[in-house]
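Along the sequence shown, the residues carry numbers beginning at 1.
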Amino acid sequence: MFTTLLIDDEPIALGRLKRLLTQFDDLIEVVDEALNGLEGIQKIETLRPNLLFLDIEMPQMTGFEMLSRLSYMPMVVFVTAYDQYAIKAFEENSIDYLLKPVEKERLAKTMDKLRNLRPEQEQTLSQESLRQLIGSMVPKKEMHSISVKSGDKILFVPLSDISFFQAEDKYVLLNTVDNKQYLMNYTITSLEEKLPSNFVRVSRSTIVNSTKIREMERYFTGKYMIVMLDQKQTKIESGSTYQENVKRLMEF
């Protein structure tokens, strides 16, 4: 049984989906519904549902923007009218997608996917892969530097001077090409969402500047050893669950 929250700014579409889901009450328990992203965030954090049926094109805050603000990430079925390119991303990173207007036969296929999910798949689909999808779909603001605190001063470090970011305990260290380090209060996930596309997350704790890589060497079990262009030629081991991101590095 999946505790489920429905989020859509169109009451008619929301009502239709809710009626269709009553045919699958052995699998789906609709605990509530929301008409916008802000309301959705509040109800997700309070109710902690297993699953969302989420509209994407909502006013004020899109579905992707809403997801990017969550501290708790359920599994997601997208309800969308996005083009085929975006749909391919949904197929790879989410439980499923449904095109509006939702049809009973297509919804039944989604229910079959849910019934056949293994526990480890639920964990993957509800966390990292979905965050990567959000990062690819939410436009990132152009930025040229990042501010850090140094004593009583606020320094602005150009992005072109940054080699990599490394998470340690509750903090993140910014590492420059001349091997200076600055402590930051950002999380590695929030940095991943804000930074431009040449900054690529290669492990749970590390984001590298792809323009500051010297070489990459195949390691074992699909991992790579990444050698940076900083003065120390720092070596960074990629994470096994970040293989797709590492492949992106080879495409730059």
Visitor: Do L195 and Y186 come close enough that some side-chain heavy atom pair is under 4.5 Å?
Guide: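 When only atoms from C-beta onward are counted, Y186 and L195 do not touch, as no gap falls below 4.5 Å.
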Visitor: Can any side-chain N or O of T206 pair as donor or acceptor with the backbone N or O of V202 at less than 3.5 Å?
Guide: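 No, the answer is negative, given that no donor and acceptor are paired below the 3.5 Å cut-off.
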Visitor: Is a donor from one side chain sitting under 3.5 angstrom from an acceptor on the other, for E45 and S71?
Guide: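 Indeed, the side chains of E45 and S71 share at least one donor-acceptor pair under 3.5 Å.
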Visitor: Could you tell me if the ring centre of Y242 sits under 6.0 Å from that of Y224?
Guide: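 Ring centres of Y224 and Y242 not closer than 6.0 Å.
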Visitor: For a 4.5 angstrom cut-off between non-hydrogen side-chain atoms, does M58 reach I7?
Guide: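 Sidechains of I7 and M58: in contact.
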Visitor: Taking side-chain contact (heavy atoms from CB on, under 4.5 Å) as the definition, give me every residue that meets it alongside T176, ordered by chain and number, with sequence neighbours left out.
Guide: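 If we apply the side-chain contact (heavy atoms from CB on, under 4.5 Å) test to T176, skipping adjacent residues, the hits are V157, L174, D178, K180, Y182.
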Visitor: Quick check: are there more than 12 heavy atoms from other residues, nucleotides or ligands sitting under 6.0 Å from CZ of R16?
Guide: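 Correct, the count exceeds 12.
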Visitor: Other than L173, what residues sit in its cluster of Ile, Leu, Val, Met, Phe, Trp and Tyr side chains whose heavy atoms are under 4.5 Å apart, directly or through others?
Guide: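 Y171, L183, all in the cluster of L173.
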Visitor: Are the side chains of I41 and M61 in touch, meaning some heavy atoms are under 4.5 Å apart?
Guide: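 Yes - at least one pair of side-chain heavy atoms lies under 4.5 Å apart.
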Visitor: Looking only at atom types and distance, does a side-chain atom of T189 sit under 3.5 Å from a main-chain N or O of T187, one as donor and one as acceptor?
Guide: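 Not at all, since once roles are kept as given, no pair shorter than 3.5 Å links the two residues.
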Visitor: Does either side chain, that of N209 or that of S163, offer a donor lying less than 3.5 Å from an acceptor on the other one?
Guide: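 Per modelled atom types, N209 and S163 side chains form no pair under 3.5 Å.
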Visitor: For atom CZ of R204, decide whether the heavy atoms of other residues, nucleotides or ligands shown that lie under 6.0 angstrom number more than 12.
Guide: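 For R204, atom CZ is not crowded (no more than 12 foreign heavy atoms under 6.0 Å).
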Visitor: Got a sec: does the CD1 of I154 have more than 12 other heavy atoms crowding it under 6.0 Å?
Guide: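 Yes, enclosed.
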Visitor: Below 4.5 Å, heavy atoms only, C-beta onward: do V246 and Q243 meet side chain to side chain?
Guide: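 No. Closest side-chain heavy atoms not under 4.5 Å.
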Visitor: Under the side chain to side chain donor-acceptor pair (under 3.5 Å) test, which residues partner Q181, sequence neighbours left out?
Guide: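 Side chain to side chain donor-acceptor pair (under 3.5 Å) check on Q181 returns N175.
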Visitor: Who clusters with V31? Use side-chain heavy atoms, under 4.5 angstrom, across I, L, V, M, F, W and Y, and order the result by chain and number.
Guide: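 ILVMFWY cluster around V31 also holds L47.
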Visitor: Any luck finding a side-chain donor-acceptor pair between E29 and T3 under 3.5 Å?
Guide: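 Their side chains do not contain a donor-acceptor pair, so the 3.5 Å distance test is not met.
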Visitor: Going by the side-chain contact (heavy atoms from CB on, under 4.5 Å) test, name the single residue among L5, V76, D8, L21 that passes it with F53.
Guide: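 Going through L5, V76, D8, L21 one by one, the side-chain contact (heavy atoms from CB on, under 4.5 Å) with F53 is satisfied by L21 alone.
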Visitor: Among residues two or more places apart or on two chains, list those pairs meeting salt bridge (Lys or Arg N to Asp or Glu O under 4.0 Å) that have a residue in residues 209-221.
Guide: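 For residues 209-221, and leaving out neighbouring residues, there are no salt bridge (Lys or Arg N to Asp or Glu O under 4.0 Å) pairs at all.
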Visitor: Tell me, do V208 and L249 make a side-chain contact under 4.5 Å, heavy atoms counted?
Guide: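 Touching, per the 4.5 Å side-chain cut-off.
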Visitor: With a 4.5 Å heavy-atom cut-off, do T22 and D25 have their side chains touching?
Guide: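 Not touching, per the 4.5 Å side-chain cut-off.
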Visitor: Are any non-hydrogen side-chain atoms of K194 and I146 less than 4.5 angstrom apart?
Guide: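 K194 vs I146: side chains apart.
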Visitor: Among residues at least two apart in sequence or on other chains, which ones pass side chain to side chain donor-acceptor pair (under 3.5 Å) with K43?
Guide: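 Applying side chain to side chain donor-acceptor pair (under 3.5 Å) to K43 gives D32, E39.
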Visitor: Could you walk me through whether I188 and I207 pass the side-chain contact (heavy atoms from CB on, under 4.5 Å) test, one step at a time?
Guide: CA-CA 8 Å; I188 205 78; I207 295 173; 3.9 Å; yes
